[in-house]
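Report on the structure given below.
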Amino acid sequence: MSDMTLGQGLNTGLRQSLADDDKVVLLGEDIGSLGGVFRVTDKLQSEFGPHRVIDTPLAESGILGTAIGMAWRGFRPVVEIQFDGFVQPAWDQIVNQVAKMHARTVGRVTMPITVRIPVAGGIGAAEHHSESPEAYFVHTAGLRVVSVSNPQDACTVLRQSIASDDPVIFFEPKRLYHVKGPVEVEPLESALPMSRARVVRPGHDVTVVTWGSHVAGALDAAEAMKDDGVSVEVVDLRSLSPWDSETVVESVRRTGRVVVVHEGPRQGGVGADICSVVTERCFADLAMPPVRVTGHDVPYPPAKVEGHYVPDMDRVCYGIDQALGRVPFETFTPATSTEVAA
Amino acid sequence: MPSTTDPRTKDDLSQAGESASSADTAHGGARDHVPAGWVQRDTENGARHLDATPDDGGVDHTPVRLIDPDGTRHEVPELDRWLDDVDDAAMLGLYTDMVAARRIDTEATALQRQGQLGLWPPMLGQEAAQIGSSRALREDDFVFSSYREQGVAYVRGIAPTDLLRVWRGAAPSGWDPYEYRMAPMQVIIGAQTLHAVGYAVGLLLETATAGSGAHGGIGVSRPDSDGPDAPERTSATISYFGDGATSQGDVHEAMTFASTWSAPTVFFCQNNQWAISEPVDLQSKVPLVERARGYGMPGVRVDGNDVLAVLAVTREALHRARAGLGPTFIEAVTYRMGPHTTADDPTRYRDRSDLEEWSGRDPIARLAAHLRDRGVLDDDAEAAAQQTADEVAATMRAGVYAVADPDWSTVFDHVYAEPHAVLDAERDAYGRYLAGFADNDTQEAAR
Ligand SMILES: Cc1ncc(C[n+]2csc(CCOP(=O)(O)OP(=O)(O)O)c2C)c(N)n1
Ligand SMILES: [Mg+2]
């Protein structure tokens, strides 16, 4: 067990996977001598060779498409997409090809491909470098989708993703790359399955469900609300497809109130699905309608105003206040925005 | 004609004595244990690559050039016929543009280091490629560029402060694209090449001969001559992109569409040898200019550090486009002297010797040497150019300091061209939320 950054946790996970299975190959732009723009693949090419850690030509569709061919041949490609906005050129290969291959070959061909994507904003980046595209992938049957919030999960969930026989979209919140924490290369058999959520702070008044970089914000909000006499339970969802409704439903049945926090846009976002299922499963237990605290339905804004887009602790607290009926309930829909009054 | 070769061409490896300049041979030297037909690249961090050498297929890929690195001017009739009007004053203008472009670039790098900009992609070393090509454009031609074309933007008349708004993170784009006929800089590698083709096809569709292409489709009847005297019928578009971008499907599709429709467009590829950490031979085993042939369009490989040669070949390509002779692919062979962006650390992947070699081919020093030989550039003229550049930089710096942070409500602006009820409700709700803080502050203050 040693302390390392989330980026180093990923690096450790990749190294272990490369060592465990010689069918694991890494593909991406600038992942060799540069070690990736976030240094996640640092030194892996010199350790494992340019035939295991492969700098590809600059073409995302090409990377994903050839990864598919390698998977056909029994390899386990781990693809690095340089930034969230650059996954879109690979759209066809991911959505029409990777996601459907197992079903259309009637289970004969597996696609154990992991697509690592640095995700989300809050880092003052340029256009197309701060996107939260998780909903597109969650909406695509055949893909598993995960997002990590700490160095230990970075290492373990990445190893689990690579070991999975299904394609996994693996989101790495850029804001967390330098956040430190303990990491152990744990045995995968005894690790928490990657599809399970984790309650990272127990509480009994309100449940906050989130993932990735917003787990820290939710914990801050929980601490702030404690001073206000409110006990907040925080669930790190970890896996977005499938998502762990058991853990969430169990929590909301106890608290009767739920706030889902995510950075991606609101409309058709992952939060909408969670709120819907919570309403179906916890209808009688709910004291208030489920609350969503999300990015707006706008293109990610320029860096100087991104603070008005990315949900921060204040907005999470405000969402909790809505769930508690302390402030007017906002539905963000036309004309009805003040109809549901506390 | 002396050659400036891509450092990884066969020429360079075999050190073709009589045709290689001293700067070219500097890259050669003993290479142990490298089989014939392969080239070894060692990087300072210990990585070693073995690559097949680009096969020139018997074609001479020596980039065309008018001015040697030492300032010697060559007469090349095929190029010179496009430069009849380029007198001493015009050359001094090109020189001043390059000095100003470099000054904008170094000032912006400094502004980034000082925290005034979030990021900056330096174009250091690519001044001739950018100034030469953009000075070939007419006002009514349209530019679709990548993120590094600050020199092009400057020549289009875009205020350097406006150029920096995006890099400061203060605006989604900095200028009116229709006013300057230059689209916002494109970050998604290669996407803009298709836009340039589509715009060019739009130009064709407006002409009387729109239906004269193959099968009566998009096209234009061919002129009798392909020389400077061929009548021009439309304006043209130009797309700027890098060596790395040539691997993107979008770029290949753009070349296919442009060729099949005879679109009045120019593909201007600045081969600066690197796509972040990836050398150009990772994108292509043959010189990039070879791509053109496969798509059925002429390809020109030009010394991208020779502003006159770049001007000449781009003028010709644009003329061909406007005259109805279809697209041209230009590979401007140059070098990215700086990091990929201010966030990059090139020491991780490339050798200092490369830099030394290319600094001997500096585009500004080259034109300066030529103009000094001609007696056009003296200390006073050089100081005058520098002063122009300093003024541009000072105005830009002052302008950047004055750029206000945008208001929160701009986050919701211009998402749609027509009203959108859900978005309007979101804006209202967020406004109420923010107003709540203001109310709290007022109550606090009243206490
Ligand atoms: C679709 C896409 N993939 C990846 C990137 C990340 N990226 C930004 S610049 C760059 C290299 C581009 O190299 P090149 O085309 O040679 O242009 P240069 O930067 O040298 O001007 C990469 C990989 C991107 N911007 N867009
Ligand atoms: Mg390049």
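Computed from a predicted structure; not experimentally measured. Letters A, B, ... mirror the listed sequences (proteins, then strands); counts begin at 1.
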How close do Pro302(A) and Gly169(B) get, counting heavy atoms only, and between which atoms? CB-O, 3.2 Å
Could you state the interatomic distance from CG (Leu119(B)) to CD (Glu127(A)), rounded to the nearest 0.5 Å? 12.5 Å
Steps toward side-chain contact (heavy atoms from CB on, under 4.5 Å) verdict (Arg39(A), Asp345(B)): CA-CA 11 Å; Arg39(A) 309 294 184 256; Asp345(B) 173 13; 4.0 Å; yes
So for Arg315(A), is it side chain, backbone, both, or neither that comes closer than 4.5 Å to the heavy atoms of chain B? both
Could you tell me whether the side chains of Glu426(B) and Gln267(A) share a donor-acceptor contact shorter than 3.5 Å? no
Going by the rule salt bridge (charged side-chain N to carboxylate O under 4.0 Å, His left out), which residues pair with Arg292(A) if we only count those two or more places apart in sequence or in a different chain? none
Side chains of Tyr430(B) and His308(A), donor plus acceptor under 3.5 Å: yes
Flag the pair Val187(B) / His129(A) as yes when at least one side-chain heavy-atom distance between them is below 4.5 Å, and no otherwise. yes
Measuring from atom CD1 of Ile189(B) to atom CZ of Phe86(A), what distance do you get when rounded to the nearest 0.5 angstrom? 7.0 Å
Non-hydrogen atoms of chain B under 4.5 Å away: do they reach the side chain of Gln82(A), the backbone, both or neither? side chain
Which answer fits Ala191(B), side chain, backbone, both or neither, if we ask what part of it has an atom under 4.5 Å from a heavy atom of chain A? neither
Side-chain touch Gln248(B)/Glu60(A), heavy atoms, less than 4.5 angstrom: yes
Pairing of Arg348(B) and Asp42(A) as salt bridge, 4.0 angstrom limit: yes
Per-residue contact mode, Asp407(B) against chain A (heavy atom under 4.5 angstrom): backbone
Step by step, work out the side-chain contact (heavy atoms from CB on, under 4.5 Å) result for Val305(A) and Asp405(B). CA-CA 8 Å; Val305(A) 267; Asp405(B) 286 357; over 6 Å; no
Please state whether the side chain, the backbone, both or neither of Arg165(B) comes within less than 4.5 Å of a heavy atom of chain A. neither
Quick check: are there more than 12 heavy atoms from other residues, nucleotides or ligands sitting under 6.0 Å from CZ of Phe257(B)? no
Side chain, backbone, both or neither of Ile276(B) within contact of chain A (heavy atoms, under 4.5 Å): both
Ignoring hydrogens, what is the shortest heavy-atom contact between Pro89(A) and Ile188(B)? Give both atom names and the distance. CG-CG2, 4.5 Å
If I measure from the heavy atoms of chain A, does Phe437(B) come under 4.5 Å with its side chain, its backbone, both, or neither? side chain
Non-hydrogen atoms of Ala275(B) and Asp30(A) that approach each other most closely: O-OD1, 3.3 Å
What part of Pro301(A) gets within 4.5 angstrom of chain B, counting heavy atoms only: side chain, backbone, both, or neither? side chain
Value for CG (Leu34(A)) from CD (Glu278(B)), rounded to nearest 0.5 Å, stands at 9.5 Å
Contacting moiety of Ala171(B), where chain A heavy atoms sit under 4.5 Å: backbone
As a quick check of understanding, evaluate side-chain contact (heavy atoms from CB on, under 4.5 Å) for Asp297(A) and His420(B), giving each step before the final call. CA-CA 11 Å; Asp297(A) 287 306; His420(B) 187 288; over 6 Å; no
If you look at every heavy atom in Lys304(A) and Pro406(B), which pair is closest and at what distance? CB-CD, 3.7 Å
Which answer fits His128(A), side chain, backbone, both or neither, if we ask what part of it has an atom under 4.5 Å from a heavy atom of chain B? side chain
What's the spacing between Thr246(B) OG1 and Leu58(A) CG if we round to 0.5 Å? 8.5 Å
